[in-house]
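Written below as structure tokens is the structure these notes are about.
Just so it is clear, the values below take in all heavy atoms, side chains as well, and ignore hydrogens, waters and symmetry mates.
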Amino acid sequence: MSDTPDLSDLPEGYEFSADPARVDVDRVHGWLSSDAYWAIGRPREKHERAMASSLNFGVYDTASKEQVAYARVVTDQALFAWLADVYVDPSVRGKGVGTAFVAGIRAHLEPLGLRRLLLATQDAHGVYEKLGFRPLDRPELYMVHTFGQPADA
């Protein structure tokens with residue numbers, strides 16, 4: 001898989017990377033544990049374990065090399081993937097970085113021949129719909145088990 005899928009929609013001055021070594025773990029953990037409704041208070045150790053078991057992606061400012069977006073994908077790399085922890089720094093929101101970023105992740109995964117890529121979002125349905133995501137056709141087929149968490153966590 002290429003580290004740089006076609007990202008013609010990524011705004012000038014930003015670059016996509018699938019290289020986990022480039023991820024600024026401190027910055028990403030700070031974003032998620034303090035500003036992402038789904039991960040508030042997530043312990044650093046748990047965050048690092050999640051990253052270690054996932055494909056990790058980032059968008060970087062080409063001038064400063066600073067990371068401006070992060071996401072990870074949990075996958076068997078054959079049939080199924082779950083897009084998680086998508087976060088775009090507030091300073092670059094509204095510039096098209098997030099939409100182009102998710103399009104790049106999707107392009108990176110496409111050669112795997114996955115059957116489906118799932119995600120959950122509380123408030124960004126419109127962003128993902130632009131990229132071909134839609135509600136589950138038959139949500140009654142899906143179930144969830146939570147370990148000591150409220151059902152909506």
(request) Work out which heavy atom in L83 is nearest to a heavy atom in Y128; give both atom names and the distance. (result) CD2-CE2, 4.1 Å
(request) Of all the heavy-atom pairs spanning A21 and D19, show the shortest one and how long it is. (result) N-OD1, 2.9 Å
(request) Could you check whether the rings of F16 and F57 sit parallel, tilted or perpendicular, using 30° and 60° as the cut-offs? (result) tilted
(message) Do V88 and L10 sit in one hydrophobic cluster, given that two such residues count as connected whenever their side-chain heavy atoms are within less than 4.5 Å of each other, even indirectly?
(response) yes
Between [atom1] of [X] and [atom2] of [Y], what distance do you get to the nearest 0.5 Å?
X: S17; Y: K65; atom1: OG; atom2: NZ; value: 11.0 Å
X: E129; Y: T121; atom1: CD; atom2: OG1; value: 10.0 Å
X: L112; Y: Q77; atom1: CG; atom2: CD; value: 5.5 Å
X: R116; Y: L136; atom1: CZ; atom2: CG; value: 8.5 Å
X: L119; Y: H125; atom1: CG; atom2: NE2; value: 8.0 Å
X: E12; Y: T62; atom1: CD; atom2: OG1; value: 8.0 Å

Are [X] and [Y] side-chain neighbours, meaning at least one heavy-atom pair lies under 4.5 Å?
X: Y70; Y: V59; result: no
X: D26; Y: R44; result: yes
X: W82; Y: R72; result: no
X: D85; Y: W38; result: yes
X: D123; Y: Y37; result: yes
X: R22; Y: E15; result: yes
X: Y60; Y: V68; result: no
X: F133; Y: L117; result: yes

(request) Please check if atom CD in E48 has more than 12 non-hydrogen atoms from other residues, nucleotides or ligands closer than 6.0 Å. (result) yes
(request) Using only heavy-atom distances, determine whether the side chains of Y87 and D35 contain a donor-acceptor pair under 3.5 Å. (result) yes
Kindly say whether [Y] contributes a backbone atom to a donor-acceptor pair with the side chain of [X] at under 3.5 angstrom?
X: T146; Y: G148; result: no
X: R42; Y: H29; result: no
X: T75; Y: F80; result: yes

(request) Before accepting this row, confirm whether a basic side-chain N of the pair E45/R49 lies closer than 4.0 Å to the acidic partner's carboxylate O. (result) yes
(message) Out of the candidates I105, L109, V74, only one should pair with L55 under the side chain to side chain contact (heavy atoms under 4.5 Å, CB included) rule; please name it.
(response) L109
